[in-house]
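To start, the structure itself, in structure tokens.
What you are looking at is a predicted structure, and each value in this text was computed from that prediction instead of being measured. Each chain gets a letter, A, B and so on, in the order the sequences are listed, and its residues count up from 1.
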Protein chains: 2
Amino acid sequence: MDTKAKIAVLERAKLFGGLARDVLAASAESAQIKLIEKGSVLFQQGDEATSHYVVAWGRLRLDQTTPDGKNVVLRFMGPGDLVGSVAVWRGVPYPATPLAVEDTRLLVWSAARMMDLMQCHPPLSMKAMVMMGGRIEELQERIQQVATQQVERRIAATILKIAGQSGRKVETGVEIPFPVSRQDLAEMTGTTLHTVSRTLSAWIDDGILEGRRSSHLTICRPHRLVEIADQA
Amino acid sequence: MDTKAKIAVLERAKLFGGLARDVLAASAESAQIKLIEKGSVLFQQGDEATSHYVVAWGRLRLDQTTPDGKNVVLRFMGPGDLVGSVAVWRGVPYPATPLAVEDTRLLVWSAARMMDLMQCHPPLSMKAMVMMGGRIEELQERIQQVATQQVERRIAATILKIAGQSGRKVETGVEIPFPVSRQDLAEMTGTTLHTVSRTLSAWIDDGILEGRRSSHLTICRPHRLVEIADQA
DNA sequence: CAGGAACTTTGCGCTGGCGCAATGTCCGGC
DNA sequence: GCCGGACATTGCGCCAGCGCAAAGTTCCTG
């Protein structure tokens, strides 16, 4: 992967998209490459935070384990997404574990390198703030959901969000191109595997969804899901 | 309130604390003052985001209303806290409404002024990122709580958090020096007024808390609350 | 100090969703 | 082609917490 290819990745990255040519070039040059296989982790929750990552290809699931052993899926991350930066900036351990759900390639910067880049290119730190702001609003919306809405609506909203970020059009509808298990959905919506399974079964019977398997989940009638997610 | 007084406020503010003298002076000079009374709002959710605020004194409750009319309390904010900035940076409407629960005085900067300050003083934007990172982790923790823990633990954790931020030692324990109604606690923990009331009643009977009134809530046995919040 | 608003308490019945456990289905490896 | 493991489905019983409704407190206002 040469600098040119790195720049191409950065152009589509949330932190860098739209920035000036020279910023991209400088950033790309100082980036290392890292490859991790499906099923392995990028780092462990609790590790000292030393690096910033941007996903070039592939997909990660960000998991947080609670002290009492429960697991929460914070989000899925794909090409262009920034990983680990918040902890590096704050100087605290990584608060969650990114697990590759596909073979994944990332760009890597050390804390010091990225700090340099930001000092030299103020627009980069502005961009970072805008991005983090987006995360904050997303999280607030999710709190609002899990605090006020019932399970069925939360599951519908979660599936729609994943599909919106990563869905691919296929002939029968919109397919989610990486495996999302019932367990994953449960850990994203704050419910149990069983309740998710029952809910999806009902939707499959209604023709809203297809795919009893964690891979190949496909939405056949998106508008019906939207109705469920938005119903008062 | 002269510049000197403003600087004193900024020294204790999360965004500015620990920064160089000249940054504080420049920031203080460009700040306006705004006063709002208990019960009134600083701005409305949905308003165009034009200003950054720092609480000088007093206290605000940040409320978010959902499309279907439910309300969520995102957090309480006190002296030193930053209000509104995330929306200004992102160029989106304010996503929530800050309501004064005490008479409150704030410092105000226009979007442009704050942008200038940040361009001139990179440490300021670094600080902003660290702060936003803190918010992100806090929100992630809260999602984890509301998604995995039962109501009693969530209420205990919420009360402890408020007390940790704002509690004052009094002879019978730690008092929360501003009114927090059962409804507020319900909207912070994602439960109902009734459940909160029942839970607190039980705790009052056990001597863990005092204060059947929304003002003057006092924690008599903090360690017992910690036990409840942490129990597996 | 009387009246009313705001807030809290509490009893009761109900139900959404959990937990368990048994069973079914798909896939990959040998 | 068979076996083992991972994942999904589904029936059943139960209970934490909700919703309603009625009554009790506390505080403010005139």
Side-chain angles (χ1 to χ4, degrees), chain A residues 37-39 61 68-73 99 101 145-156 158-159 176 178-206 209-218 228 231-232, chain B residues 37-39 61 68-73 99 101-102 145-156 158-159 176 178-206 208-218 228 231-232:
Chain A
E37 288 183 353
K38 178 170 172 169
R61 193 184 68 205
D68 53 310
K70 288 178 187 169
N71 207 54
V72 178
V73 175
L99 173 83
V101 295
Q145 266 192 19
V146 68
T148 66
Q149 296 176 18
Q150 36 193 56
V151 169
E152 194 178 42
R153 294 184 60 180
R154 305 203 303 258
I155 298 174
T158 303
I159 292 178
I176 292 169
F178 54 94
V180 178
S181 70
R182 309 297 191 246
Q183 181 72 40
D184 293 341
L185 284 171
E187 290 175 358
M188 295 189 79
T189 50
T191 179
T192 61
L193 162 65
H194 311 277
T195 300
V196 173
S197 183
R198 279 181 255 269
T199 307
L200 296 204
S201 291
W203 288 344
I204 290 171
D205 292 349
D206 290 356
L209 290 182
E210 252 173 34
R212 302 225 165 238
R213 188 108 223 86
S214 67
S215 3
H216 314 306
L217 189 62
T218 303
I228 293 170
Q231 93 213 175
Chain B
E37 287 183 354
K38 178 171 173 169
R61 193 184 67 205
D68 52 311
K70 289 177 186 169
N71 207 54
V72 177
V73 175
L99 173 83
V101 294
E102 297 176 347
Q145 267 193 18
V146 69
T148 67
Q149 296 175 22
Q150 37 193 56
V151 168
E152 195 179 41
R153 294 184 60 182
R154 305 204 304 258
I155 298 174
T158 303
I159 292 178
I176 291 169
F178 55 94
V180 178
S181 71
R182 307 300 191 245
Q183 181 72 40
D184 293 340
L185 285 170
E187 289 176 358
M188 296 188 79
T189 50
T191 180
T192 61
L193 161 67
H194 310 277
T195 300
V196 172
S197 182
R198 279 181 256 268
T199 306
L200 296 203
S201 291
W203 288 345
I204 290 170
D205 292 349
D206 290 354
I208 298 174
L209 290 181
E210 253 173 33
R212 301 226 164 238
R213 192 103 222 84
S214 67
S215 2
H216 313 306
L217 189 63
T218 303
I228 294 170
Q231 96 214 175

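When the P atom of dT9(C) is taken as reference, atom CG of Leu193(B) falls 9 Å away, rounded to whole Å. In this structure, His216(B) atom NE2 and dT25(D) atom P are separated by 19 Å, rounded to whole Å. The CZ-C1' distance, from Arg182(A) to dC7(D), rounds to 9 Å in whole Å. We find that CG of Leu200(B) is positioned 7 Å from P of dT9(C), with the value rounded to whole Å. When rounded to the nearest whole Å, the span between CD of Glu187(A) and P of dC7(D) equals 11 Å. For the pair Leu185(A) CG and dC7(D) C1', the interatomic distance rounds to 13 Å; values are reported in whole Å. The CZ atom of Arg213(B) sits 9 Å away from the P atom of dT9(C) (whole-angstrom rounding). Distance, Lys38(A) NZ to dG28(C) P: 9 Å, rounded to whole Å.
Heavy atoms only, all atoms of each residue included: Pro179(B) and Val101(B) are closest at CD-O, 4.2 Å. Across all their heavy atoms, Asp184(A) and Val73(A) have their closest contact at O-CG2, 4.0 Å.
Of the possible polar contacts, none joining the Arg182(B) side chain to the Val196(B) backbone as a donor-acceptor pair under 3.5 Å is found. For the pair Arg154(A) (side chain) and Gln145(A) (backbone), a donor-acceptor distance under 3.5 Å is absent. A donor-acceptor pair is defined here as one N or O able to donate and one able to accept, closer than 3.5 Å; no such pair exists between the side chain of Asp205(A) and the backbone of Ala202(A).
The CG atom of Asp206(B) lies 11.5 Å from the CG atom of Leu200(B); values are rounded to the nearest 0.5 Å. For the atom pair CG of Leu185(A) and OG1 of Thr192(A), the computed distance is 12.0 Å after rounding to the nearest 0.5 Å.
Close to dT10(C), at under 4.0 Å from its OP1 or OP2, lies a side-chain N or O of Ser201(B).
If you check every strand for non-hydrogen atoms under 4.0 Å, Ser197(A) touches a base.
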Where do N or O atoms of nucleotides 14-18 of chain D meet protein N or O atoms at under 3.5 Å, pair by pair?
unit_1: dG17(D); atom_1: OP1; unit_2: Val151(B); atom_2: N; d: 2.9
unit_1: dC18(D); atom_1: OP1; unit_2: Thr191(B); atom_2: OG1; d: 2.9
unit_1: dC18(D); atom_1: OP2; unit_2: Thr191(B); atom_2: OG1; d: 2.8
unit_1: dC18(D); atom_1: OP2; unit_2: Thr192(B); atom_2: OG1; d: 3.3
unit_1: dC18(D); atom_1: OP2; unit_2: Thr195(B); atom_2: OG1; d: 2.2

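Under the 4.5 Å side-chain criterion, counting only non-hydrogen atoms from C-beta, Asp68(B) is in contact with Arg153(A). The side-chain heavy atoms of Phe178(B) and Lys38(B), taken from C-beta on, include no pair separated by under 4.5 Å.
Across the helix from dC1(C)-dG30(D) to dC30(C)-dG1(D), the helix axis at one end is tilted relative to the axis at the other end by 40° (nearest 10 degrees, each axis from five pairs).
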